[in-house]
Amino acid sequence: MEQKNEQVSDLFIIGGGINGCGIARDAAGRGLSVTLAEMNDLASATSSASTKLFHGGLRYLEYFEFRLVREALIERETLLRAMPHISWPMRFVLPYHADMRFDAETPTSRLLSTVMPWMKGRRPAWLIRLGLFMYDHLGGRKILPGTSSLNLKTAPEGRPLQDKFETAYEYSDCWIEDSRLVVLNARDAEARGAEILVRTEVLSAERVDDLWEVTIRDRASDSTRVIKARMLINAGGPWVGDIIQSKIHVNSREGVRLVRGSHIVTHRLFDHDKCYFFQGEDGRIIFAIPYERDYTLIGTTDQDHPEPDVAPVCTEAEQNYLCSFATKYFQKPVTRDDIVWTYSGVRPLYDDGANSATAATRDYTLKVDAHGGAPVLNVFGGKITTYRRLAESALEKVAEHFPKLPGPWTAGVALPGGDFPVDGVQDLVAGLEADYAFLDRLWAERLVRAYGTEARTILGEVSTAEELGENFGATITARELEWLMDKEFARTAEDAVWRRNKSGLRLSADQIARIEEWMDQRSVQAAA
């Protein structure tokens with residue numbers, strides 16, 4: 001049954017990925033009333049399927065994307081300070097050999113081929129050093145160490161690699177727990193007054209008397225209601241074009257290019273905590289990253305994807321490609337038998353007419369349409385590292401329609417649980433171990449890396465593990481699931497063990513089924 005909601009929101013945001021939640025947080029913190037609707041779980045699409053890196057994008061320098069790279073490099077350290085529990089510095093090892101090639105589509109490759117045709121697409125060492133010099137200095141780096149060289153014949157980072165690799169460059173970027181980043185932005189937005197609606201589908205939106213009337217459906221109860229808003233923000237990610245055409249019916253010349261990025265997770269391939277940056281003879285690059293302590297994450301691919309409603313999967317061809325790529329570097333061949341999990345996401349890139357998916361810009365484009373009444377802001381593209389700056393840019397567009405709106409505020413403001421120093425993780429872990437004798441180091445580290453200072457709030461006054469309720473495996477307890485359901489918008493076992501954390505890697509199908517059963521029972525009890 002349809003119900004009218006006479007309250008008028010300043011902003012109605014479609015999409016609960018990183019862009020939508022980042023904009024919701026920024027807007028709510030400036031005093032705007034905000035409603036956000038996500039048709040599935042938060043971060044259920046692109047924002048949980050990234051390569052899990054806060055990085056400037058070293059390869060984007062080859063496309064002369066200097067503004068994007070500089071903005072991303074500056075953001076790394078801004079974000080580190082705001083979320084030291086879910087983001088941390090990482091060193092990247094870039095082995096060098098003479099067979100490295102450019103993507104022939106890059107401006108750098110075309111320029112070098114013109115002035116130095118004898119290079120035949122090779123990446124000379126001096127060019128890599130120049131790129132890394134720019135990478136070190138474009139963003140005003142203060143926390144992260146700069147580039148250095150490695151002798152792979154003697155350094156431990158050379159042991160897993162083939163003997164032909166003798167030299168490497170080592171530089172800094174950062175890890176990020178991508179889906180947790182989304183949830184924490186949503187939580188902070190809610191704490192500042194935003195209404196966050198998960199599993200809520202936008203059926204239609206139309207302009208009526210200088211307002212948007214948005215009809216939404218709660219997918220759990222199948223009930224519908226209408227929400228009025230002064231401005232609409234389309235942060236639908238892969239569905240941004242579909243929303244423009246079929247939901248809000250606005251004319252737009254801008255388009256989105258859907259590019260699938262697939263990853264494989266294998267058993268751990270090396271024993272140190274640094275990431276490898278591998279360059280292929282086809283001009284592409286992949287990362288091999290320490291993952292969840294016992295695994296290695298390898299990715300990503302760049303393939304055009306047909307449409308957003310086609311679920312992205314890491315195809316056999318993509319798995320073979322990633323295994324073959326990594327095998328050209330590692331001493332021990334990487335095969336599909338090593339794979340324990342795969343995932344794939346669709347990047348909604350702004351369609352700039354590039355000839356290949358790899359060459360398509362990773363920058364973002366924001367377009368406001370105010371013709372015909374209430375304005376709508378459509379968000380195209382973007383990358384997870386620059387989500388906060390994208391939100392600030394979106395609020396600049398919003399401010400044109402909301403006079404006297406306060407200015408930017410999010411830089412340096414901690415996300416929930418992130419109110420401690422960048423180098424303070426081990427102190428928090430030691431404190432938990434001291435105060436909760438039943439915790440071992442791995443359990444304490446997992447809690448701190450997920451919840452930061454809020455780990456103590458979750459544990460409360462308990463003195464034994466039994467007081468945390470049922471243990472479902474992989475140190476996931478009933479107390480933690482209660483937190484995920486009550487505070488972090490989790491509704492299903494998939495939400496809990498694949499997006500709020502990655503315990504699904506260590507849980508059996510029966511254990512995950514038991515979590516699903518427990519969460520269903522709790523939801524029924526709460527509704528009674």
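Although no hydrogens or angles enter the test, the distance criterion places a donor-acceptor pair under 3.5 Å between the side chain of Y343 and the main chain of S50. Checking side-chain atoms of R70 against main-chain N and O of L138 turns up a donor-acceptor pair under 3.5 Å. No side-chain donor-acceptor contact under 3.5 Å links E38 to the backbone of G15. E480 contributes no side-chain N or O that, together with a main-chain N or O of I458, makes up a donor-acceptor pair within less than 3.5 Å. Side-chain atoms of Y169 never come within 3.5 Å of backbone atoms of T147 as a donor-acceptor pair (strictly under, hydrogens ignored). Formation of a donor-acceptor pair under 3.5 Å by the H305 side chain with backbone atoms of G345 is not found in this model. Judged purely by atom type and a 3.5 angstrom limit, R268 uses its side chain to pair as donor or acceptor with the backbone of R293. At distances below 3.5 Å, at least one donor-acceptor pair connects side-chain atoms of T385 with backbone N or O atoms of H55. The main-chain N or O of T475 is found under 3.5 Å from a side-chain atom of R446 such that the two form a donor-acceptor pair. For the pair R500 (side chain) and V183 (backbone), a donor-acceptor distance under 3.5 Å is absent.
For the 3.5 Å distance criterion, the side chains of E318 and T301 qualify, holding a donor opposite an acceptor. The closest side-chain donor-acceptor pair between S48 and R499, if any, does not fall under 3.5 angstrom. T457 and E454 are not linked by any side-chain donor-acceptor pair at a separation below 3.5 angstrom, with hydrogens and angles left out of the test. A donor-acceptor pair shorter than 3.5 Å can be found between the side chains of D495 and T492. A donor-acceptor contact closer than 3.5 angstrom links the side chains of S172 and R91.
Residues I176 and L79 fail the side-chain proximity criterion, which asks for heavy atoms closer than 4.5 Å. At least one side-chain heavy atom of P238 sits under 4.5 Å from a side-chain heavy atom of T46. Side chains of V497 and I476 form no contact here, defined as non-hydrogen atoms less than 4.5 Å apart.
Classification of E177 and R449 as a salt-bridged pair fails, no side-chain N sitting under 4.0 Å from a carboxylate O. A salt bridge between E77 and K142 is absent, with no side-chain N of the basic residue lying under 4.0 Å from a carboxylate O of the acidic one. Ion pairing between a basic and an acidic side chain is recognised when a charged N comes within 4.0 Å of a carboxylate O; D510 and R514 show no such pairing. Of the charged side-chain nitrogens involved, at least one lies within less than 4.0 Å of a carboxylate oxygen, so that D222 and R217 count as a salt-bridged pair. For E190 and R187, the salt-bridge test fails: no basic side-chain N is under 4.0 Å from an acidic carboxylate O. In summary, K502 and E292 do not engage in a salt bridge, as defined by a charged side-chain N under 4.0 Å from a carboxylate O. Salt bridge annotation for D435-R456: present, with a cationic side-chain nitrogen under 4.0 angstrom from a carboxylate oxygen.
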Start with the C-alpha distance between E170 and K274, add both sets of side-chain angles, then the distance that settles salt bridge (Lys or Arg N to Asp or Glu O under 4.0 Å), and finish with yes or no.
CA-CA 9 Å; E170 183 179 297; K274 297 178 182 178; 2.9 Å; yes

Could you walk me through whether K487 and E482 satisfy the side-chain contact (heavy atoms from CB on, under 4.5 Å) test, starting with their C-alpha distance in whole Å, then the side-chain angles of each, then the deciding distance to 0.1 Å, before giving a yes or no?
CA-CA 8 Å; K487 303 290 187 181; E482 289 169 356; over 6 Å; no

Please walk me through it: do F472 and I512 pass side-chain contact (heavy atoms from CB on, under 4.5 Å)?
CA-CA 8 Å; F472 299 93; I512 294 174; over 6 Å; no

Can L42 and C21 be said to form a side-chain contact (heavy atoms from CB on, under 4.5 Å), step by step?
CA-CA 9 Å; L42 297 175; C21 291; 4.0 Å; yes

Under the side-chain contact (heavy atoms from CB on, under 4.5 Å) criterion, do M83 and R180 qualify, and how do the steps go?
CA-CA 10 Å; M83 54 195 79; R180 289 209 58 73; over 6 Å; no

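Applying the 6.0 Å contact sphere to CD of Q521 captures more than 12 heavy atoms from other residues, nucleotides or ligands.
A distance of 6.0 Å or more separates the ring centres of Y276 and Y329. Between F165 and F278, the distance from one ring center to the other does not fall under 6.0 angstrom. Between F380 and Y364, the ring center distance fails the sub-6.0 Å criterion. For F92 and F287, the gap between ring centers is short of 6.0 Å.
Relative orientation of the F277 and Y171 rings is perpendicular, given thresholds of 30° and 60° on the angle between their planes.
Y135 approaches R76 most closely through the heavy-atom pair CE2-NH1, 4.0 Å.
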